[in-house]
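These numbers were taken from a predicted model, which means no experiment stands behind them. Order of the sequence lines fixes the chain letters, A, B, ..., with proteins taken first and strands second; residue numbering starts at 1 for each chain.
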Protein chains: 2
Amino acid sequence: MPKLGMEPIRKAALVKATIVEIGRSGSLDVTVSQIAKRAGMSSALAHHYFGGKEAMFLAAMRHVLSLYGAEVRGALLAVDGPEQRLMAILRASFSPANFRREVVGAWLNFYVLAQTVPEARRLLAVYQRRLRSNLLFCLRPLVDDRAGAVADGLGALIDGVYLREALKGGTPDGGAAVATVLTYLDRQMKGAGA
Amino acid sequence: MPKLGMEPIRKAALVKATIVEIGRSGSLDVTVSQIAKRAGMSSALAHHYFGGKEAMFLAAMRHVLSLYGAEVRGALLAVDGPEQRLMAILRASFSPANFRREVVGAWLNFYVLAQTVPEARRLLAVYQRRLRSNLLFCLRPLVDDRAGAVADGLGALIDGVYLREALKGGTPDGGAAVATVLTYLDRQMKGAGA
DNA sequence: AAGTTTATTGACTCGTCAATCAACAAAAAA
DNA sequence: TTTTTTGTTGATTGACGAGTCAATAAACTT
């Protein structure tokens with residue numbers, strides 16, 4: 001049965017399964033066998049392709065981060081002007097996709113991982129820098145010299161609002177999350193409302 | 001050797017040891033034996049007093065939360081007036097104590113726990129409600145009808161700034177965290193600077 | 001003194017799991 | 001066609017860990 005060129009297919013399946021299992025259990029306390037089973041293969045094969053559990057976690061983290069990045073980039077393509085771009089970033093950050101159980105589980109556990117696994121911390125830092133850079137680009141025309149400070153606050157606010165909305169219980173409300181952030185933003189710009 | 005009245009002493013020691021071990025490992029992946037050993041007793045005794053690992057985690061969470069609450073209450077006693085009280089809350093939230101490795105570890109892992117353990121979620125909600133109530137009390141004189149929205153944003157911002165500062169790498173800088181939040185606050189009040 | 005409650009642990013059970021390996025199967029290269 | 005590379009798994013190893021239990025001991029009660 002063995003067809004060639006399976007490696008990328010298997011790896012992708014394992015990454016997806018890893019994220020689903022983290023979401024299911026809510027923690028990194030998932031076994032390689034669980035993941036492999038969900039991905040439709042033996043645990044031995046998972047080890048064969050990834051070498052170990054931590055490598056699987058990191059690959060999953062990269063995947064979640066890159067999905068988020070793609071969502072933001074896609075949203076930015078559809079709009080024009082600083083205010084519109086800011087709104088697009090917010091909507092993408094608080095989209096239903098990002099509040100799915102497994103994505104929330106992934107993020108929270110990546111924070112935990114970032115405490116002790118340098119590569120995880122690095123990936124998180126990359127994400128934060130990119131977000132900051134996107135925000136700065138929008139904010140400079142709007143608040144000029146205060147852009148740096150506003151971007152720092154806005155980035156942290158996005159994380160904090162996401163955290164609270166994700167852990168609030170009940171159905172997360174991306175719209176409410178966007179609104180909370182806008183309350184902040186409105187006051188940061190002199191007189192221009194979005 | 002057995003002296004009577006050991007229960008509270010043992011429990012307190014176990015709670016402390018639990019927090020230290022979570023900080024050491026950065027995760028909830030700590031064994032009862034590790035905790036018990038650090039607390040100077042056998043693992044059987046830990047089970048005897050707490051019944052299981054999850055109960056120990058929840059007790060640890062209650063402890064961290066109550067320490068934070070006490071710190072805020074203490075800081076509030078020393079000041080007067082809404083602005084001063086706000087500053088006190090911020091300083092307490094970003095105090096060096098809260099950036100100690102084991103406290104950061106506890107918070108991050110409590111977030112993870114809150115996904116799946118209802119009691120953990122409840123405790124987190126209690127903390128957030130209390131913070132909100134404290135903020136509201138300060139904000140009403142300052143921003144009146146907008147107090148609700150500002151308190152929501154401010155609460156999330158505090159969480160987000162804490163998260164970033166804690167995971168940033170290097171020595172966390174509580175002062176910078178306070179400053180970031182103040183950038184937000186200043187603009188939320190009409191014209192009154194702290 | 002006899003009985004009860006509280007404190008305490010070593011040893012054990014039962015289960016789990018990451019990682020390895022030998023072996024088998026099929027495609028590609030030689 | 002033989003050989004090599006790639007894909008794949010069942011079985012095994014070796015370790016660890018949560019929770020239980022029987023047994024011991026000191027302190028209180030009657």
Each nucleotide of nucleotides 15-22 of chain C classed B (base within 4.0 Å of a protein heavy atom), S (only sugar-phosphate) or -, in 5' to 3' order, makes --SSBBB-
Determine, for Glu102(B) against Lys16(B), whether the closest basic-nitrogen to carboxylate-oxygen distance falls under 4.0 angstrom. no
Protein-nucleotide distance (Leu28(B), atom CG; dA18(D), atom P), rounded to Å: 12 Å
Sorted by chain and number, sequence neighbours left out, ring pair (Phe, Tyr, Trp, His ring centres under 6.0 Å) with Tyr68(B) holds for Tyr127(B)
If the condition is ring pair (Phe, Tyr, Trp, His ring centres under 6.0 Å), which residues does Tyr184(A) pass it with, not counting sequence neighbours? Tyr184(B)
Do the side chains of Val20(B) and Val15(B) join up, straight or via other hydrophobic residues, at under 4.5 Å, putting them in one cluster? no
Apply salt bridge (charged side-chain N to carboxylate O under 4.0 Å, His left out) to Lys11(B) and list each qualifying residue two or more places apart in sequence or on a separate chain. Glu7(B)
Less than 4.5 Å apart, any side-chain heavy atom of Arg164(B) and any of Gln128(A)? yes
Under 4.0 Å, counting only non-hydrogen atoms across every strand here, what does Tyr49(A) touch: a base, just sugar-phosphate, or nothing? sugar-phosphate
Can you tell me the distance, in whole Å, between the NE2 atom of His48(B) and the C1' atom of dA22(D)? 14 Å
Which listed nucleotide (dT8(D), dT8(C), dT9(C)) is nearest to the side chain of Met41(B)? dT9(C)
Is there side-chain contact between Arg146(A) and Thr183(B), with heavy atoms separated by less than 4.5 Å? yes
Atom pair distance, as rounded to whole Å: CG in Leu45(A) and P in dT9(D): 6 Å
Selection: residues 10-23 of chain B, any non-hydrogen atom under 4.0 Å of DNA chain C: Arg10(B)
Atom-to-atom span, CG of Asp29(B) to P of dG17(D) - whole angstrom: 9 Å
Met6(B) CE to dT9(C) C1', in whole Å, measures 14 Å
Once you round it to whole Å, what is the distance between C1' of dC28(D) and CG of Leu4(B)? 7 Å
Ring centers of Phe99(B), Tyr162(B) separated by less than 6.0 Å: yes
Rounded distance (Å) that lies between atom C1' of dT8(C) and atom NZ of Lys37(B): 18 Å
For residues 165-172 of chain B, please give each side-chain donor-acceptor pair under 3.5 Å, one per line with the distance, not counting sequence neighbours.
| from | atom 1 | to | atom 2 | distance (Å) |
| --- | --- | --- | --- | --- |
| Glu165(B) | OE2 | Lys168(B) | NZ | 2.8 |
| Glu165(B) | OE2 | Asp173(B) | N | 2.7 |

